[in-house]
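Heads up: the structure comes next, in structure tokens.
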Amino acid sequence: MKTIDIVIFAAYCTLVLFTGLFVSRRKKGTARDAGDYFLAGRGLAWWAIGASIIASNISAEQFVGMSGSGYAVGLSIAIYEWIAALGLIIVAKFFIPVFLKKKIFTMPQFLEDRFDGRVKTVMAFFWLLVFVFINLTSILYLGALTIEKVVGIPLWMGVVGLSLFALIYSVYGGLKAVALTDVIQVVFLVAGGLLTAYIALNMVGGDGGVINGFTSLYSQAQDKFHLILDKSNPGYTDLPGIRVILGGLWVANLYYWGCNQYIIQRALAAKSVREAQYGMVFAGFIKLLVPLIVVIPGIAVFALHAPIAKPDEAYPWLLGNVLPTGVKGLAFAALTAAIVSSLASMMNSISTIFTMDIYRSKTRNKLSQSDLVRVGRIVSAVSLIIAALIAPMLTGLNQAFQYIQEFTGFISPGALAIFLAGIFYRRATANGALAAAAGTFVFSVVFKFCFPGMPFLDRMGIVFLLCCGLIILMSRRPTLQGAPAVDAGYEWKTTPLFNILSVIIIAILVMFYFLWW
């Protein structure tokens with residue numbers, strides 16, 4: 001990168017660090033309590049919620065991993081993003097009123113309230129393992145890989161640098177620092193991502209403009225512009241045709257947006273149910289843009305016949321070889337913004353679950369508010385250190401995005417079944433929830449090794465149905481039940497504005513599928 005690129009990147013780093021530390025400051029003599037540290041004092045507005053959800057979600061997993069999948073299989077990978085927009089609407093309407101009425105800190109806390117402490121503890125441990133060893137680790141690896149390809153910094157140094165950057169402001173300031181800096185991060189990642197996509201398309205079209213570039217890209221890589229793959233496509237195993245939108249993807253989608261502490265924590269910190277719902281529908285509109293930012297560049301790299309060794313090198317190659325001076329610094333800042341915001345959000349969620357669901361329970365609630373905050377900070381740092389030590393070991397991955405989706409899919413079917421039963425099925429019992437928690441892993445392993453050719457999205461759909469069956473079966477036995485969520489008088493009515501915005505998102509999705517079926 002040239003001097004101007006370095007200056008732009010340095011300005012971005014300074015702005016984020018200054019903002020994070022500024023919003024984290026406390027008046028002299030006041031202490032930060034758990035509600036302030038983990039849930040930003042439950043005072044986030046819709047724009048902060050929506051921006052933070054997107055900044056937390058979009059990371060190297062998308063910029064690098066999804067661009068790599070775009071290079072390998074094409075636009076069909078965008079189904080994760082576009083169906084997510086619809087998933088956000090469903091979660092905002094049916095899940096958020098339940099969670100906010102209970103005033104919970106974490107998803108395991110909801111399970112304890114609905115079922116019992118056993119379910120809470122089991123799921124809390126599951127989530128901690130997935131967050132630390134899959135999500136946090138892969139984010140660090142993909143981010144460091146990109147830095148290595150673009151500026152030549154060794155992978156291990158990139159891991160250390162990203163870790164320190166995220167650590168400086170997020171560990172001290174908690175969710176408020178994370179959420180408000182995410183507003184800045186989203187501006188950088190959307191602006192930088194769109195500019196990168198524009199330049200890539202312009203290059204494909206021979207400097208004839210973005211419209212001509214997209215037309216040329218479509219003609220050169222027409223096979224990459226199908227949202228539904230047929231069996232002859234090499235990517236069919238990962239995206240099995242029409243079953244993607246009718247089956248397993250909905251398990252991954254509703255679990256991720258509705259049951260995942262990493263994402264839902266922003267909504268839990270909302271001023272009100274309405275603010276949370278507007279924030280999620282705002283995030284839904286941004287999700288419609290994401291494939292333009294991360295998938296189209298990957299297809300463009302394919303059309304440009306880039307000399308890369310594996311798909312996940314597509315976006316790093318674009319940054320290092322196509323973008324002009326100045327733009328490269330902005331694009332690199334956008335990528336770093338996506339990585340650091342996701343790291344900070346993941347660390348905060350890990351510390352929240354460990355502190356509030358495991359540590360506090362084991363100490364029988366004898367900790368002060370300042371003790372809880374201190375433990376949360378320590379856990380954030382430790383989780384990042386563990387992930388930093390493991391990240392360099394992922395160098396053998398070909399498509400990291402699919403790796404993340406598949407192994408997260410070992411827990412998501414059971415978790416979604418438990419939450420849906422907890423909210424909508426009043427006969428669901430703690431024993432049924434425990435059976436589903438164990439079953440999701442056991443069933444997934446059995447299908448993985450006994451039917452290796454089965455697409456993992458199909459496997460997730462089948463495992464979800466089996467877990468639902470376990471819950472129903474176990475709930476028929478006489479046993480102690482938790483407090484039925486459906487009897488708690490939740491208000492699922494949404495405002496006319498929310499409904500209008502939701503219809504617009506659905507209409508746009510229908511248009512996309514009409515164009516690229």
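Just so it is clear, the model here is predicted, and its values are computed rather than measured.
Atom CD1 of I264 is separated from atom SG of C259 by 8.0 Å, given to the nearest 0.5 angstrom. Note that CG of L288 is 11.0 Å distant from CD1 of I504, once rounded to the nearest 0.5 Å. The CD1 atom of I49 sits 9.0 Å away from atom NZ of K271, with the distance rounded to the nearest 0.5 Å. With rounding to the nearest 0.5 angstrom, the CD1 atom of I418 is 7.5 Å from the SG atom of C467. With values rounded to the nearest 0.5 angstrom, L128 atom CG is found 10.0 Å from S351 atom OG. Taking CH2 of W516 as the reference point, atom CH2 of W82 lies at 5.0 Å (rounded to 0.5 Å).
Checking each of L88, I54, I53, I293 against I286 for a side chain to side chain contact (heavy atoms under 4.5 Å, CB included) leaves exactly one that passes, namely I54. Under the side chain to side chain contact (heavy atoms under 4.5 Å, CB included) rule, I390 has a single partner from T137, V159, I385, which is T137. Of the residues listed (W257, W250, Y256), the one engaging N253 in a side chain to side chain donor-acceptor pair (under 3.5 Å) is W257, and it is the only one.
Judged by distance alone, the side chain of D116 and the main-chain N or O of V119 form a donor-acceptor pair under 3.5 Å. Side-chain N or O atoms of R42 include one that pairs as donor or acceptor with a backbone N or O of L268 at under 3.5 Å. Formation of a donor-acceptor pair under 3.5 Å by the K224 side chain with backbone atoms of Y71 is found in this model. No side-chain donor-acceptor contact under 3.5 Å links E81 to the backbone of V290. Looking only at distances, a side-chain donor or acceptor of S67 sits under 3.5 Å from a matching main-chain atom of V294. Not one N or O on the side chain of T440 forms a donor-acceptor pair closer than 3.5 Å with the backbone of A436. S69 places no side-chain N or O within donor-acceptor distance of the main-chain N or O of I77, the cut-off being under 3.5 Å.
Here the shortest heavy-atom pairing between T352 and F105 reads CG2-O, 4.1 Å. Minimum interatomic distance between V463 and P413 (heavy atoms only, all atoms of both residues): CG1-CB, 3.7 Å. The nearest pair of heavy atoms linking R118 to A430 is NH2-CB, 3.6 Å. Contact detail for K120 and Q109: the closest heavy-atom pair is CG-N, 4.3 Å. When all heavy atoms of A417 and C468 are compared, the closest pair comes out as CB-SG, 3.8 Å. Counting all heavy atoms, side chain and backbone alike, G70 lies closest to I299 at O-CG1, 3.5 Å.
Looking at I505 and V281, their side chains come closer than 4.5 Å, going by heavy atoms from C-beta outward. Using a 4.5 Å heavy-atom threshold, the side chains of Q277 and P97 count as touching. A 4.5 Å side-chain heavy-atom check between V379 and F354 finds at least one atom pair inside the cut-off. Side-chain atoms of S383 and L136, non-hydrogen and from C-beta on, do get closer than 4.5 Å to each other. Proximity of D458 to R243: side-chain heavy atoms (C-beta onward) are separated by under 4.5 Å at one or more points. For the pair I79 and L249, the minimum side-chain heavy-atom distance is below 4.5 Å. Looking at heavy atoms from C-beta onward, F131 lies in side-chain contact with Q261 at the 4.5 angstrom threshold. A heavy-atom distance below 4.5 Å is found between the side chains of L227 and L75.
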Checklist line | side chain to side chain contact (heavy atoms under 4.5 Å, CB included) assessment of F410 paired with K448 | finding: CA-CA 10 Å; F410 275 58; K448 171 71 174 175; 4.3 Å; yes

Margin query: With side chain to side chain contact (heavy atoms under 4.5 Å, CB included) as the criterion, how do D357 and T121 come out once you've worked through the C-alpha distance, each side chain's angles and the decisive distance to 0.1 Å?
Written below: CA-CA 7 Å; D357 295 316; T121 302; over 6 Å; no

Next item on the list: Show your reasoning for whether side chain to side chain contact (heavy atoms under 4.5 Å, CB included) applies to L416 and F464.
Entry: CA-CA 8 Å; L416 179 62; F464 168 72; 3.9 Å; yes

Next item on the list: Show your reasoning for whether side chain to side chain contact (heavy atoms under 4.5 Å, CB included) applies to M107 and M123.
Entry: CA-CA 9 Å; M107 294 294 97; M123 294 305 296; over 6 Å; no

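Aromatic ring pairs are classed by plane angle as parallel below 30°, tilted from 30° to 60° and perpendicular above 60°; the pair F282 and W46 is perpendicular. Ring geometry for Y255 against W127 counts as parallel: the plane angle stays under 30°, on a 0 to 90° scale with 60° as the upper cut. Aromatic ring pairs are classed by plane angle as parallel below 30°, tilted from 30° to 60° and perpendicular above 60°; the pair F99 and F110 is perpendicular.
Within 6.0 Å of atom CZ in F451, 12 or fewer heavy atoms from other residues, nucleotides or ligands are found, so the atom counts as exposed in its surroundings. With a 6.0 Å radius and a threshold of 12 heavy atoms from other residues, nucleotides or ligands, F441 has its CZ atom at or below the threshold. Other residues, nucleotides and ligands contribute at most 12 non-hydrogen atoms within 6.0 Å of the CZ atom of F125.
Judged by distance alone, the side chains of R266 and S56 do bring a donor and an acceptor atom under 3.5 Å apart. Side-chain contact check for Y278 and T495: at least one donor-acceptor pair (N or O, by modelled atom type) lies under 3.5 Å. A side-chain donor from one of N348 and Q265 sits under 3.5 Å from a side-chain acceptor of the other.
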